[in-house]
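None of these values were measured; they are calculated from a predicted model. Both backbone and side-chain heavy atoms feed into the values below; hydrogens, waters and symmetry mates do not. Along the sequence shown, the residues carry numbers beginning at 1.
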Amino acid sequence: MKKILQDLNYFELENLILSLGEKKFRAKQLYEGLMRGKKISQINVSPLLRENLLKEYEDEPVKIIKTLTSSDGTEKYLFGLADGNIIEGVLMKYKYGNTQCVSTQVGCRMGCKFCASTLSGLVRNLTSGEILSQVLVVNALHKEGARGVTNVVLMGSGEPLDNYNNTVSFLKNVSAEGGINISPRNISLSTCGIVPKIYALADEGLPVNLTISLHQTTDEGRARTMPIAKKYSIDEILKACAYYFEKTGRRYIFEYSLIEGENCDKQHAEELIKLLKGKPCHVNLIRLNEVKERTLKSTTDKQAYVFLGLLEKGGLSATVRRSAGADIGGACGQLRANYLDNENRE
């Protein structure tokens with residue numbers, strides 16, 4: 001596999017161009033073309049420069065190979081990588097803009113039992129340019145009169161903090177002035193709770209919205225569905241979140257997937273209130289997208305809103321997340337898993 005030109009920031013690209021004996025303005029031409037989602041072969045530069053770049057760099061590191069459109073307007077993409085691997089992403093359309101969910105790894109090694117991304121384990125990390133290219137190709141898809149991507153969530157396949165260096169590089173590049181310049185305040189990063197990396201992220205100077213997959217009120221309960229809970233306790237996560245708030249001034253969000261018979265009765269609501277009340281946080285309740293390979297079952301809408309009412313009555317800031325793309329396999333990993341399953345059968 002060749003290198004990824006989209007891994008480079010503007011100044012690195014400029015240095016590359018100068019090292020090839022080209023004039024500095026060529027870097028601007030290249031950068032602007034890449035930020036519009038163009039392949040190297042489509043950018044208006046000299047044939048010699050194009051030829052030299054294509055010897056070392058992938059012409060199209062990420063391409064859309066399949067698009068599914070939900071009845072609610074949500075679009076789900078199957079992306080093909082240059083090495084033949086498959087990842088996926090989602091574009092959710094809201095009144096305030098379009099939010100794209102991106103993947104940070106091919107597969108995942110965290111083993112959460114409610115997620116399809118972990119079914120085949122971790123294949124490899126994505127480079128920062130492969131993460132960025134997901135946004136660039138979707139932006140390019142919507143260039144004709146439609147709004148492009150205004151918000152990004154790192155909640156697709158993979159654990160962002162398990163691919164820390166590439167994730168941070170992506171965050172810097174996607175928010176860079178002169179590029180697509182998406183503000184860190186419009187970016188959310190979801191983690192299962194790798195505590196040392198939360199502290200490291202807090203010190204990066206990138207005030208993205210930190211989202212923690214909590215899903216339970218005790219370490220014992222959490223460990224039943226999330227192996228990471230055996231390494232880092234809820235108390236350790238809360239201390240890391242407090243440090244993140246201290247460093248960034250950004251309140252943190254807890255994702256809480258409602259699982260039938262597991263975490264959504266009155267006792268769990270009371271425990272969650274006791275755990276989080278008074279902290280600068282918000283609870284995002286999620287009606288579980290059921291994965292056919294798993295046995296976990298979702299609650300009803302009525303149960304979700306009863307649980308929400310208990311939290312609000314107890315003084316917590318909470319909402320039930322709007323379901324998006326459920327009819328097209330909206331949960332991370334489902335489309336890829338189905339695609340790979342079909343490929344194996346053929």
Side-chain angles (χ1 to χ4, degrees), residues 101 108 110-119 153 155 159 161 188-195 198 209-242 251-324 326 329-334:
C101 179
C108 184
M110 294 297 109
C112 300
K113 292 184 179 179
F114 44 78
C115 181
S117 297
T118 69
L119 291 172
V153 294
M155 298 181 184
E159 161 57 58
L161 297 187
S188 296
L189 183 151
S190 178
T191 175
C192 63
I194 303 178
V195 168
I198 295 174
N209 300 296
L210 179 67
T211 301
I212 308 291
S213 294
L214 186 62
H215 310 308
Q216 258 289 358
T217 57
T218 66
D219 293 326
E220 181 184 8
R222 198 165 181 260
R224 285 199 295 271
T225 54
M226 301 182 70
I228 193 73
K230 297 171 185 176
K231 188 163 187 178
Y232 303 113
S233 68
I234 292 175
D235 184 59
E236 288 175 304
I237 290 172
L238 292 178
K239 287 175 181 174
C241 287
R251 74 170 181 169
Y252 39 95
I253 299 166
F254 289 107
E255 290 178 320
Y256 196 93
S257 290
L258 297 166
I259 304 170
E260 179 67 46
E262 182 68 35
N263 64 355
C264 51
D265 58 21
K266 185 178 179 181
Q267 180 183 339
H268 286 105
E270 291 170 349
E271 290 172 353
L272 199 57
I273 292 164
K274 184 177 179 181
L275 194 65
L276 302 180
K277 190 172 182 179
K279 292 179 169 56
C281 67
H282 178 81
V283 179
N284 197 359
L285 299 176
I286 303 167
R287 286 160 290 190
L288 188 72
N289 260 315
E290 295 179 5
V291 177
K292 65 179 181 179
E293 293 87 354
R294 306 293 194 188
T295 58
L296 302 179
K297 299 296 179 184
S298 177
T299 59
T300 64
D301 286 356
K302 181 179 179 181
Q303 287 172 307
Y305 282 98
V306 167
F307 195 81
L308 172 65
L310 292 172
L311 297 187
E312 290 180 329
K313 186 177 180 181
L316 289 189
S317 169
T319 49
V320 174
R321 181 194 286 177
R322 189 194 93 177
S323 292
C332 60
Q334 288 184 344

**Student:** Mind checking whether Asp301 and Val320 have side chains closer than 4.5 Å, heavy atoms only?
**Tutor:**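 Result no, sub-4.5 Å side-chain heavy-atom pair not found.
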**Student:** Do Thr211 and Asn284 have side chains that approach each other closer than 4.5 Å (heavy atoms only, starting at C-beta)?
**Tutor:**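 They are not in contact (no side-chain heavy atoms under 4.5 Å apart), so the answer is no.
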**Student:** Could you check whether any side-chain heavy atom of Leu214 comes within less than 4.5 Å of a side-chain heavy atom of Ile234, counting everything from C-beta outward?
**Tutor:**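 Leu214 reaches Ile234 side chain to side chain.
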**Student:** Suppose we screen for ring-ring contact (aromatic ring centres under 6.0 Å, His included). Which residues come up paired with Tyr232, at least two apart in sequence or across chains?
**Tutor:**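 Tyr232 satisfies ring-ring contact (aromatic ring centres under 6.0 Å, His included) with no residue once adjacent residues are dropped.
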**Student:** For Glu220, enumerate each residue passing the side-chain hydrogen bond (donor to acceptor under 3.5 Å, both in side chains) test, keeping only those at least two apart in sequence or located in another chain.
**Tutor:**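 For Glu220, no residue satisfies side-chain hydrogen bond (donor to acceptor under 3.5 Å, both in side chains) once neighbours in sequence are set aside.
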**Student:** By side-chain hydrogen bond (donor to acceptor under 3.5 Å, both in side chains), which residues pair with Asp265, not counting sequence neighbours?
**Tutor:**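 Expected list: His268.
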**Student:** Compare every heavy atom of Glu159 with every heavy atom of Cys192, then report the nearest pair and how far apart it is.
**Tutor:**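 Closest pair (atom of Cys192, atom of Glu159, distance): N-OE1, 2.8 Å.
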**Student:** Who pairs with Asn209 by side-chain hydrogen bond (donor to acceptor under 3.5 Å, both in side chains), at least two apart in sequence or on another chain?
**Tutor:**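 side-chain hydrogen bond (donor to acceptor under 3.5 Å, both in side chains) list for Asn209, sorted by chain: Arg250.
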**Student:** Nearest 0.5 Å please: distance from the CE atom of Met110 over to the OG atom of Ser213.
**Tutor:**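 Going from the CE atom of Met110 to the OG atom of Ser213 covers 11.5 Å.
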**Student:** With heavy-atom distances below 4.5 Å as the criterion, would you say the side chains of Phe254 and Leu238 are in contact?
**Tutor:**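 Touching, per the 4.5 Å side-chain cut-off.
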**Student:** Rounded at 0.5 Å granularity, tell me how far CD1 in Ile253 sits from CD1 in Ile212.
**Tutor:**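 These two atoms lie 10.0 Å from each other.
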**Student:** State the NZ-CG distance between Lys274 and Leu316, to the nearest 0.5 angstrom.
**Tutor:**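 Rounded to the nearest 0.5 Å, the NZ-CG separation comes to 14.0 Å.
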**Student:** May I ask you to check whether Ser190 and Glu255 show a side-chain donor-acceptor distance below 3.5 Å?
**Tutor:**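 Indeed, the side chains of Ser190 and Glu255 share at least one donor-acceptor pair under 3.5 Å.
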**Student:** For the residue pair His215 and Tyr256, does the interplanar ring angle fall in the parallel (under 30°), tilted (30 to 60°) or perpendicular (over 60°) class?
**Tutor:**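 Geometry flag for Tyr256 against His215: tilted rings.
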**Student:** Closest approach of Ile273 and Gly314, non-hydrogen atoms and distance?
**Tutor:**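 Heavy atoms of Ile273 and Gly314 come nearest at CG2-O, 3.5 Å.
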**Student:** How far does CZ of Arg287 sit from CD of Glu260, to the nearest 0.5 angstrom?
**Tutor:**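 So the CZ of Arg287 and the CD of Glu260 are separated by 14.5 Å.
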**Student:** How about Leu276 and Leu311: do any of their side-chain heavy atoms sit closer than 4.5 Å?
**Tutor:**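 No. Closest side-chain heavy atoms not under 4.5 Å.
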**Student:** As a quick check of understanding, evaluate side-chain contact (heavy atoms from CB on, under 4.5 Å) for Thr191 and Leu210, giving each step before the final call.
**Tutor:** CA-CA 8 Å; Thr191 175; Leu210 179 67; 4.1 Å; yes
**Student:** Give the C-alpha distance, both sets of side-chain angles, the deciding distance and a yes or no for side-chain contact (heavy atoms from CB on, under 4.5 Å) between Gln303 and Cys264.
**Tutor:** CA-CA 8 Å; Gln303 287 172 307; Cys264 51; 5.6 Å; no
**Student:** For a side-chain contact (heavy atoms from CB on, under 4.5 Å) check, start with the C-alpha distance between Ser317 and Arg251, then their side-chain angles and the critical distance, and finish with the verdict.
**Tutor:** CA-CA 11 Å; Ser317 169; Arg251 74 170 181 169; 3.5 Å; yes
**Student:** Please report the closest heavy-atom contact between Ser257 and Asn263, naming both atoms and the distance.
**Tutor:**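 So the two residues come closest at O-ND2, 2.6 Å.
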**Student:** Do Arg224 and Ile259 have side chains that approach each other closer than 4.5 Å (heavy atoms only, starting at C-beta)?
**Tutor:**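 No, side chains not in contact.
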**Student:** Applying salt bridge (charged side-chain N to carboxylate O under 4.0 Å, His left out), which residue pairs with at least one partner in residues 225-242 are found, sequence neighbours left out?
**Tutor:**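 The answer is Asp235-Lys239.
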**Student:** Closest heavy-atom contact between Glu312 and Ala318?
**Tutor:**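 Heavy atoms of Glu312 and Ala318 come nearest at OE2-O, 3.6 Å.
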**Student:** Among all residues two or more places apart in sequence or in another chain, which pass the side-chain hydrogen bond (donor to acceptor under 3.5 Å, both in side chains) test with Ser188?
**Tutor:**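 Scan of Ser188 (side-chain hydrogen bond (donor to acceptor under 3.5 Å, both in side chains), adjacent residues dropped) gives none.
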**Student:** Could you give the distance from CG (Leu272) to CG (Leu285), rounded to the nearest 0.5 Å?
**Tutor:**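 If we round to the nearest 0.5 Å, Leu272:CG and Leu285:CG are 8.0 Å apart.
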**Student:** At what distance, to the nearest 0.5 angstrom, does CD of Gln267 lie from CD of Glu271?
**Tutor:**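 It comes to 4.5 Å.
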